[in-house]
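Throughout, a chain's letter reflects where its sequence line sits, starting with A, and its residues are numbered from 1.
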Protein chains: 2
Amino acid sequence: MGDAPHILVVDDHRQIRESVTRFLERNGMRATAAKDAHEMDVKLAGGHFDLIVLDVMMPGEDGLSVCQRLSTKRRLPIIMLTALGLETDRIVGLEIGADDYLPKPFNPRELLARIRAVLRRASLAEPEACSLAGKTARFAGLTLNADAHFIEDPYGNRVQLTTADLRLLTVLLERPHTILSRDQLLDLTAGRSAGPLDRTIDNQISRLRRKVEPDPLRPSIITTVRNGGYCLAADVEVID
Amino acid sequence: MGDAPHILVVDDHRQIRESVTRFLERNGMRATAAKDAHEMDVKLAGGHFDLIVLDVMMPGEDGLSVCQRLSTKRRLPIIMLTALGLETDRIVGLEIGADDYLPKPFNPRELLARIRAVLRRASLAEPEACSLAGKTARFAGLTLNADAHFIEDPYGNRVQLTTADLRLLTVLLERPHTILSRDQLLDLTAGRSAGPLDRTIDNQISRLRRKVEPDPLRPSIITTVRNGGYCLAADVEVID
DNA sequence: CCTAAATGTAATTATTTGTATCAAAAAAGC
DNA sequence: GCTTTTTTGATACAAATAATTACATTTAGG
């Protein structure tokens, strides 16, 4: 998201939609409007967005329902617009997965501040979405060739990686020095959430360590954080 | 963090402080109160916190100033409590780095929902907590490689550290020549508060000494302060 | 369609960590 | 100076957690 962030404004009142999108555009953002849940889905399918501003009260599918639906599927920040003073709505909205809310009527400047705040947080949490596809990464003296599925040590020895190895390693390399739970890792590598007795990640880590670590019994590159998960303990340099 | 999140409540009104901390504790969180910016600093230095609830209007250092100060230094979520309706405060607060705000007077349930929402966002990707992550520290002739979880003596002998070893040592290295009570150490390492018969820290110190001290029977690096706690008796140099 | 590799699952083993216990050291009281 | 009390250190053990192995299932390639 190098350039201007792209905001999707969902509200059934034409006047609000238009004034908000115009205001956002005047303030260095790209904005797109949708009049209901269905139009929102269409726009979402056809473009990249960084944040959604979502009205709670809408004809057709309700804002809360939309919010719940989205927050389980994608990780896309949501700011809810709630009718004035309805505390219940606000609380429910937050519990359901909104990142923030704003009571109507609102000051556009305040909406802007909240959008900036949420985006700032979102970009902190997500270091970089860069895929390593087609690139080369150096870490801990090793070189990963993501295309050809192998890593090479300083002496030129190559080790072949399986697709699962590569996916796991890529996920780790994209987030160096970050503790990732087994749940997160499973989500990021396979797109599913872990059952209670799921040792899949343990296993993949074990296999990957055998290929990556100089001494797999005393891992120094992929470290274990007890009760936490695993962590790539090395600086990563991505080469093109 | 693994267990109950620890919230620091900063407000000059005793009644608000106490009712909020009690309410949070009844809802499965740990809460600590501070009456002003200075007391907050003291508590921050001696414990681990996951989130700060901060009143804007305070005698002494102002809430906005505190917020700015903290958000540049640490990455610790902040929820601001603002006087009713003062929109300017809210906007400035968000721009300055607060993660959320709540207008006074507020519904405790709403505060709880906001705290949960902010924590959920913050914990999405936990960058390795400690400031030593990715660095190397020299102390008492030893070198700690925080990434790879080992310490090395001048002869190149390496000793592997467990997660708990590393956490404890890191906490100590970050506060050299400072007496830390068992309570503080437990909070900083494990994020929980000690029961009356808790010898966990004694034990961990004992284990750590065996790895760190030249003569574990006569500890010289990690010293015992009777009725006080433990103290790292060495200068620390952090290398990048 | 068969074979071989890769991946997920279950089971076993090893490690780490918290708790209980007892011994040793330091302080306090007599 | 001696006993008593308190605090700390070490050990042993049990529970929790992680690593590894073995095995079954799936997938990909020929």
Side-chain angles (χ1 to χ4, degrees), chain A residues 149-150 159-171 179-213 215-231 233, chain B residues 1-3 149-150 159-171 179-231 233:
Chain A
H149 291 211
F150 68 80
V159 183
Q160 200 66 22
L161 297 180
T162 68
T163 38
D165 289 335
L166 182 69
R167 253 213 286 276
L168 180 55
L169 183 57
T170 301
V171 164
I179 300 171
L180 293 161
S181 70
R182 290 172 176 75
D183 233 348
Q184 288 175 306
L185 287 170
L186 199 60
D187 184 24
L188 290 164
T189 55
R192 63 198 177 86
S193 40
L197 295 172
D198 208 321
R199 292 251 103 52
T200 305
I201 291 298
D202 292 292
N203 229 301
Q204 299 215 351
I205 289 281
S206 180
R207 297 198 238 254
L208 184 55
R209 274 178 176 158
R210 270 183 289 226
K211 299 187 178 180
V212 170
E213 295 281 353
D215 177 3
L217 294 175
R218 253 170 255 95
S220 63
I221 298 172
I222 302 170
T223 55
T224 304
V225 180
R226 192 163 235 258
N227 288 314
Y230 298 95
C231 173
Chain B
M1 199 100 296
D3 298 316
H149 294 205
F150 67 79
V159 182
Q160 198 71 14
L161 298 179
T162 68
T163 313
D165 289 335
L166 182 70
R167 279 238 178 78
L168 180 55
L169 183 56
T170 301
V171 164
I179 300 171
L180 292 161
S181 70
R182 290 171 176 74
D183 236 347
Q184 287 177 307
L185 287 170
L186 198 62
D187 182 20
L188 290 163
T189 55
R192 63 196 177 88
S193 31
L197 294 173
D198 206 320
R199 306 298 304 276
T200 305
I201 290 297
D202 291 305
N203 223 305
Q204 300 217 355
I205 289 280
S206 179
R207 296 199 237 252
L208 184 55
R209 276 177 174 157
R210 263 174 278 184
K211 298 188 178 180
V212 169
E213 296 281 352
D215 178 4
L217 295 176
R218 249 166 255 88
S220 62
I221 298 172
I222 301 170
T223 56
T224 304
V225 179
R226 197 158 228 268
N227 285 314
Y230 298 96
C231 173

Short side-chain N/O contact from [X] to OP1 or OP2 of [N], under 4.0 Å:
X        : N      : result
B:Gln204 : C:dG18 : yes
B:Arg199 : C:dT21 : no
A:Arg209 : D:dA19 : yes
A:Thr163 : C:dA6  : no
A:Arg207 : D:dT20 : no
B:Ser206 : D:dT11 : no
A:Tyr230 : D:dT17 : no

Just so I know, are the side chains of [X] and [Y] near enough to count as touching, which here means a heavy-atom distance under 4.5 Å?
X        : Y        : result
B:Ile221 : B:Pro214 : yes
A:Arg167 : A:Val171 : no
A:Ile201 : A:Thr189 : yes

Send over the distance from [X] [atom1] to [N] [atom2], rounded to a whole Å.
X        : N      : atom1 : atom2 : result
B:Asp183 : D:dT8  : CG    : P     : 13 Å
B:Ile201 : D:dT8  : CD1   : P     : 13 Å
B:Arg218 : C:dA24 : CZ    : P     : 15 Å
B:Leu208 : C:dT16 : CG    : C1'   : 14 Å
A:Asp202 : C:dT12 : CG    : P     : 17 Å
A:Leu161 : C:dA6  : CG    : P     : 11 Å
A:Arg167 : D:dT27 : CZ    : C1'   : 13 Å
B:Asp165 : C:dT17 : CG    : C1'   : 10 Å

Which of these, B:Leu169, B:Asp165, B:Leu168, B:Thr162, sits in a side-chain contact (heavy atoms from CB on, under 4.5 Å) with B:Gln204?
->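 For B:Gln204, the side-chain contact (heavy atoms from CB on, under 4.5 Å) test succeeds with only one of B:Leu169, B:Asp165, B:Leu168, B:Thr162, which is B:Leu168.
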
Check whether the side chains of B:Arg209 and B:Thr224 place a donor and an acceptor atom closer than 3.5 Å, and report yes or no.
->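 Yes, because at least one side-chain N or O of B:Arg209 sits under 3.5 Å from a partner of the opposite role on B:Thr224.
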
Could you say whether B:Leu197 or B:Lys211 is positioned toward the 5' end of DNA chain C, judged by the nucleotide with the nearest heavy atom to each?
->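 Of the two residues, B:Lys211 wins.
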
Which nucleotide in the set [options] lies at the smallest distance from any side-chain heavy atom of [X]?
X        : options               : answer
A:Thr200 : C:dG8, D:dA12, D:dT20 : C:dG8
A:Asn203 : D:dT8, D:dA10, D:dA22 : D:dA22
B:Asn227 : D:dT8, D:dT20, D:dT7  : D:dT7
B:Ala164 : D:dT7, C:dT9, C:dT17  : C:dT17

Between the side chain of A:Ser206 and the main-chain N/O of A:Asp202, is any donor-acceptor distance below 3.5 Å?
->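 Side chain of A:Ser206 to backbone of A:Asp202: no pair is present.
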
Got a donor-acceptor pair under 3.5 Å from the side chain of B:Arg210 to the base of D:dG9?
->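 For B:Arg210, whose side chain was compared with the base of D:dG9, there is no donor-acceptor pair (under 3.5 Å).
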
Donor-acceptor pair (no angle test) under 3.5 Å: B:Arg226 side chain, D:dT7 base =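 A donor-acceptor contact between them is present.
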
Name the residue closer to the 5' end of DNA chain D, choosing between B:Thr224 and A:Thr224 according to the nucleotide with the nearest heavy atom.
->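 Its nucleotide being nearer the 5' end, the pick is B:Thr224.
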
When all nucleic acid strands are considered with a 4.0 Å heavy-atom cut-off, which category describes B:Leu217: base, sugar-phosphate, or nothing?
->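 Sugar-phosphate: the residue B:Leu217, judged by heavy atoms under 4.0 Å, touches backbone atoms but no base.
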
